[in-house]
Amino acid sequence: MAIERYNARVAERKWQAAWNGASVFATRNDDPRPKYYVLEMFPYPSGRIHMGHVRNYTMGDVVARYKRARGFSVLHPMGWDAFGLPAENAAIQNKVHPAKWTYENIATMRAQLKSMGLSLDWDREVATCSPDYYRHQQKLFIDFHNAGLVYRRKSKVNWDPVDHTVLANEQVIDGRGWRSGAVVEQRELEQWNFRITAYSEDLLTALDTLDRWPDKVRLMQRNWIGKSEGLKVRFEFESRPPSNEATIEIFTTRPDTLFGASFLALSPDHPIAVAEAAKDPALAQFRDRCRQMGTSAAVLETAEKEGYDTGLTVKHPFIAGKTLRVFVANFILMDYGTGAIFGCPAHDQRDLDFARKYGLEVTPVVLPTGADPASFDVGDVAYTDDGTLYHSDFLDGLTIDAAKQEVARRMESHQVDGAPQAARQVNYRLRDWLISRQRYWGCPIPMIHCAECGVVPVPVEDLPVKLPDDATFDRPGNPLAYHPTWKHVACPSCGKAATRETDTMDTFVDSSWYFARFTDPWNEGLPTTRSAVDSWLPVTQYIGGIEHAILHLLYSRFFIRAMKATGHVAIDEPFAGLFTQGMVVHETYKDASGHWQAPADVLIEDIGGERRARLKADGAPLTIGSIEKMSKSKKNVVDPDEIIANWGADTARWFMLSDSPPDRDVIWTEAGVEGAHRFVQRVWRLVGETAELISGATAPALAAKLSPTAGALRKAVHKTLAAVEDDIERLAFNRAVARIYELVNTVARLLVETNVAADATLKGALGEAFDVLLQLIQPMMPHLAEECWATLGRHGMLAQTHWPAYDPALIVDDEITLPVQVNGRKRGEVTVARAAGEAEVKAAALALDAVRMALDGKSPKKVIVVPQRIINVVA
RNA sequence: GCGGGCGUGGUGAAACUGGUAGACGCGCUGGACUCAAAAUCCAGUUCCGAAAGGAGUGUCGGUUCGAUUCCGACCGCCCGCACCA
C-alpha cells in the first residue's frame, strides 16, 4: 500500500484551526493547577518575523507544550514592543502614520507567528503603543514620581544628531548611537530620570539569588553595576584658591598608597577647575580642548594623558611639609567618585603615564613579596599586585588590606576644616536611568508644567495622556513639541494655562513590565491585578537573546522593585529562570563585483568534494564567505514564510532545535532543513505503515508475558521517555532530538527485521512505542504529531493529552555490559548481572583473553572496579 | 588594559558529578530497488596501517589506576566592559 507524503500545508492549517476552535491554549487565572509561566522576549513589530524569532519562539513553545502536558497551568502569552523610532522614521520617509505602520506590521507578524503553530494565549495579546497599555504605564510613572523614584534634572546628555534624541549611557556604543550609529554629542537639557541607583546594592546582591540565570549574564550585570569600596579624602589647600575652597575631596580605592602620592588631578568639569578657568584663559582653553576630544574607544585608546598645572598646591595629609601640585587632567571623569583623584604613579598605570610625561615623582610604596626594597623600582609599568607596604611610615610592613584600614581609621578621626578628613565610601558605576526622549512615537510622560505651581502630575482620572493622531513629521525634532494644540492644557492644580511635558519615555520602559501586564491584561483600572500578578510572577522561564543581558533585564529588575515599593506587585525579582539563546547564522555569498547575494538566489554544488556557489539566474560564480548573523546588509537572510510555505512549520521548528545546543549559534543550511524534512516524512511513513497493524493493540496485550523483542522495545521506549523528559527540563533540545532519532531508528529497524503480525505482545509494545513517540515529538512538531495521532485512531487531540509516565522498572537493565581497561585503555568488555558483586566482576574481567595477554602470566598490581561503570586492571 | 568563555572527525555536535571519545544529524562511499531518475532501504565512514596493532579531544607539562572533563603555562578564536581612580 503506497502511503501519501505528509502534506504539511494542509495538516498545519487544519490543526491550528482545531486548537483555536477548542481554545486549547487559553489560560485561566483561576485554574487551580500549579502554574508555569514561560515567556519569550516580545518582538518589535519591524515588519516581518525573522529566523531569530522562529528559534526563540520555538524553544519557548516546546517548554510550554511540554509543561502543559505535564499538568501545569501554563501561561504563554505574546505581545508587541510597539513604540520606537523605526515607526517614526517610516512616517518621515513614507508619509505613513506611525500607528498605521505599526499596526499593519503587527497584523503581518501575528499571522506569521500563527503559521508556526505556537501554543500562545492570544487573548492576552498587548501592544505597548495602545492607550490601553500605556495609560497604566503613565500611572506607574506617577506612582514612582510620588515615591521619589522619578526626578528631573538638568544634565549633560548624549544627543544623537541623526535621530534627534537623547540616549541613555547604555545606548551609546563606542561613542555612537546604538540605532543610528551617529557620533554622539554632549548637550545640557532638563531630563526625566528613574532613580535606579536607589537599588544599586539590592540589584547587585540579589543577583546571587538568581540561580537559574546564566552566570555570564549575572557577571555582566555585576560589572555593569560596578561596585567599588574606597575612601573619600579631603586634601587641605596650602594656600586658599580664589574660589575660596578650603579642601579638595577625592575618591580612592587605594588609600594604602597615600605615601606614594605625587599629585592631585581634577576633571575638566570639576567646580574648582571651572572656577579657576574663569580667571585663567589658558586653563579655559585647555578645558575646551578636553571637551572637543571624542569619547569613542578608538580616540580614548590613543589619546595621551594631558594635564594643566593650576598652580594650586595641597598639603600631604601624613608627611609634614610635603605639598602636591593640583592639575586639571583630561582622563578624570566628573561623574565618577568626586571628579578628583590623587595620583600614585608607582601603583597606577594612568598615573604613571601622567607622572612620566610631567616629570613628577614616582615613589613605590608597595613591595612585591620577596623583592629587595633597596633595588625595587617601577619602570614604565605600574605595580598593581599584592605586596607589603614600605616607604610609608606607620604603614610599613602592613598588607595592602591592613594599610587601607589603618589609613581610614586615622583619617576618619582627624578633623580638617571642621569635618573628618576622610569617610568610607561605596561607589557604583551604575547611573540613573535617563528616560526622556524627544520623539513622538512613545509613551507620553504624564506631567504638566505650570508657571505658578511648577511641575504637576496629570491627575490619574485624566489618564491616559494620549498621543495626538494628527501629528506631522515633516521637520526634524519632536512632533509633540510643535503640535499646535496638544501641549496646551489647564494646570490641574491652579487651573491657569500650562503646558504638557512633550518628552516621551524610552521604549525600554514599555518592556520593563509587560510580563506583569500579561497576567491580567483585562484590568482597565490598574496596571496589575494583585491576585493574578502575585500568583503568576516571577516568570518561570524567560527566553531571549544575550543582547538584552544588561539593558532590558536590569531595567525590568529595577521596575519590579519600584512596582513593589508602590504596591503593584509583591515579588522581588521578575524572572526566576533565564535562558539566552544563540543567534541564527548563515553563509554569505558575494559576486564578482563584490555585491552580496541572497541564499534564495544561490545554487550550491559539490564539485570533487569542494563546495561551490553559483547564481541561480545566470550561473555566475560566487565566492562563499564567512558564516555570519543573518542581516539585511549582507543579504544572508532566509525568510521564515518561504521556509514554512515550502517545508512546513514543523520542519523549521525541528531543524531549529536539532542542530546546535540552544545557547550556541545555529547555522541555517539548506541541507539541514532537508534532513529535518526527511525525518518528518519518515515518521509519517512509519505511522502509515504501522497504523493498521497496531490498531486496537495497546494495553491489554501488554498484560501478557512479553516476547523478548517486545520486552526490549518497551525498555527502549521508556528509557527514551525518561531521557527526553530530562533533556527538555534542561532545555537541551538538541539532545532530546538525538534520542528521538535513536528511538525512531530502533522502531524502523524492528519493523524491517521482525514479523510483527505474528507476535501479539509486540503489537502492543509497538502501539505503546508510537503513543510515546508522538507525545515526545508533540512539543517540537505539534502538527505532525496530531496528524499521526489521528491516523492511529487515537482519541482527542494530543495537545490535550497528558504526558505518559515512564515505568522506573523498565529503565534499569538486569544485565550490564562493563568496559574493561588495562592501564586505562579499553581492552574488552564483560557482561554481568546488574547485582553482581565486586569479586564476580573482577573475576570476569581477569578471565578476558585480552586481559590475560596483557598481564602475561603475572598477577595484576591492582584492579579497580567502579560499580556499574568500569573495570581498570593495573598491570 | 580588565573580566569571562570556548578550542573534539570532512562537518553541526554528543560524552550529567573524572570512568568505553565521536551518540544523533549533515555530507561522503558502496550496495539493493528501478529501463532510468527521484524517493526509500541496507552497509560503511576519527586518523595511520593490508592486518595485527598503534595514535588521537589546540600545544606542552602536572595530578590520577584512569583526564575532552581537574591544575599550571602557552597558542588561537569569541563575548562583555573600558581613562571607573
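Lettering of chains follows the sequences in order, A, B, ..., and the numbering in each one begins at 1.
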Enquirer: The side chain of R429(A) lies closest to which of these nucleotides: rC81(B), rA21(B), rU17(B)?
Expert: rC81(B)
Enquirer: Classify the nucleic acid contact of I332(A) as base, sugar-phosphate or nothing, counting any heavy atom under 4.0 Å across all strands shown.
Expert: base
Enquirer: Compare the minimum distances between each of rG12(B), rC83(B), rC24(B) and the side chain of N745(A), then state the nucleotide with the smallest one.
Expert: rC24(B)
Enquirer: Whole Å only: how far is the CG atom of N427(A) from the P atom of rC84(B)?
Expert: 13 Å
Enquirer: Send over the distance from D659(A) CG to rA13(B) C1', rounded to a whole Å.
Expert: 8 Å
Enquirer: When rounded to the nearest 0.5 angstrom, what is the spacing between CD in Q581(A) and CD1 in I546(A)?
Expert: 10.0 Å
Enquirer: Does the side chain of E587(A) reach to within under 4.5 Å of the side chain of N636(A), using non-hydrogen atoms?
Expert: no
Enquirer: Quick one: which of rG12(B), rU40(B), rG80(B) gets closest to the side chain of S660(A)?
Expert: rG12(B)
Enquirer: For L750(A) and rC41(B), give me the distance from atom CG to atom P, rounded to whole Å.
Expert: 15 Å
Enquirer: Between protein and nucleotides 53-65 of chain B, map the contacts as a letter string: B base, S sugar-phosphate only, - none, heavy atoms under 4.0 Å, written 5' to 3'.
Expert: -SSB--------B
Enquirer: Run the ring-ring contact (aromatic ring centres under 6.0 Å, His included) test against F342(A) and tell me which residues pass, sequence neighbours left out.
Expert: none
Enquirer: Counting only side-chain N and O atoms of T817(A), is one of them less than 4.0 Å from OP1 or OP2 of rU20(B)?
Expert: no
Enquirer: May I ask you to say what N734(A) touches in the nucleic acid, namely base, sugar-phosphate or nothing, with a heavy-atom cut-off under 4.0 Å?
Expert: sugar-phosphate
Enquirer: Which nucleotide, if any, forms a Watson-Crick or G-U wobble pair with rC16(B), using both distances under 3.5 Å?
Expert: none
Enquirer: Just name whichever nucleotide pairs with rU34(B), Watson-Crick or G-U, keeping both distances under 3.5 Å, else none.
Expert: none
Enquirer: Among all residues two or more places apart in sequence or in another chain, which pass the ring-ring contact (aromatic ring centres under 6.0 Å, His included) test with F235(A)?
Expert: none
Enquirer: Not counting sequence neighbours, which residues clear ring-ring contact (aromatic ring centres under 6.0 Å, His included) with H270(A)? List them please.
Expert: none
Enquirer: Can you measure from CD1 (I740(A)) to CG (N745(A)) and round to the nearest 0.5 angstrom?
Expert: 12.0 Å
Enquirer: From the set rG27(B), rU20(B), rC81(B), return the single nucleotide nearest to any side-chain atom of I870(A).
Expert: rU20(B)
Enquirer: Would you mind telling me which of rA82(B), rG27(B), rA39(B) lies closest to the side-chain atoms of W224(A)?
Expert: rA82(B)
Enquirer: Could you work out which one of rA13(B), rA23(B), rA85(B) sits closest to the side chain of E742(A)?
Expert: rA23(B)
Enquirer: When both hydrogen-bonding distances must be under 3.5 Å and the geometry is Watson-Crick or G-U wobble, what is rU64(B) paired with, if anything?
Expert: none
Enquirer: Which nucleotide sits closest to the side chain of L333(A): rC79(B), rU40(B), rA85(B)?
Expert: rA85(B)
Enquirer: I want to verify a distance call: between rC79(B), rA13(B), rC83(B), whose nearest atom is closest to the R350(A) side chain?
Expert: rC83(B)
Enquirer: Checking F263(A) now: which residues fulfil ring-ring contact (aromatic ring centres under 6.0 Å, His included) with it, not counting sequence neighbours?
Expert: F354(A)
Enquirer: R682(A) side chain: which of rC84(B), rC41(B), rU20(B) is closest?
Expert: rC41(B)
Enquirer: Which part of the nucleic acid, if any, lies within reach of S228(A) when heavy atoms closer than 4.0 Å are counted: base, sugar-phosphate only, or nothing?
Expert: sugar-phosphate
Enquirer: Less than 4.0 angstrom between a side-chain N/O of R685(A) and OP1 or OP2 of rC41(B), yes or no?
Expert: yes
Enquirer: According to the Watson-Crick and G-U wobble definitions, with both distances under 3.5 Å, which nucleotide is paired to rA23(B)?
Expert: none
Enquirer: Taking only residues two or more places apart in sequence or in another chain, which ones pass side chain to side chain contact (heavy atoms under 4.5 Å, CB included) with I811(A)?
Expert: H718(A), K719(A), A722(A), Y806(A)
Enquirer: Using Watson-Crick or G-U wobble geometry with both distances below 3.5 Å, tell me the partner of rA51(B), or none.
Expert: none
Enquirer: Quick check for you: among rA13(B), rA23(B), rA82(B), whose closest atom lies nearest to any side-chain atom of A738(A)?
Expert: rA23(B)
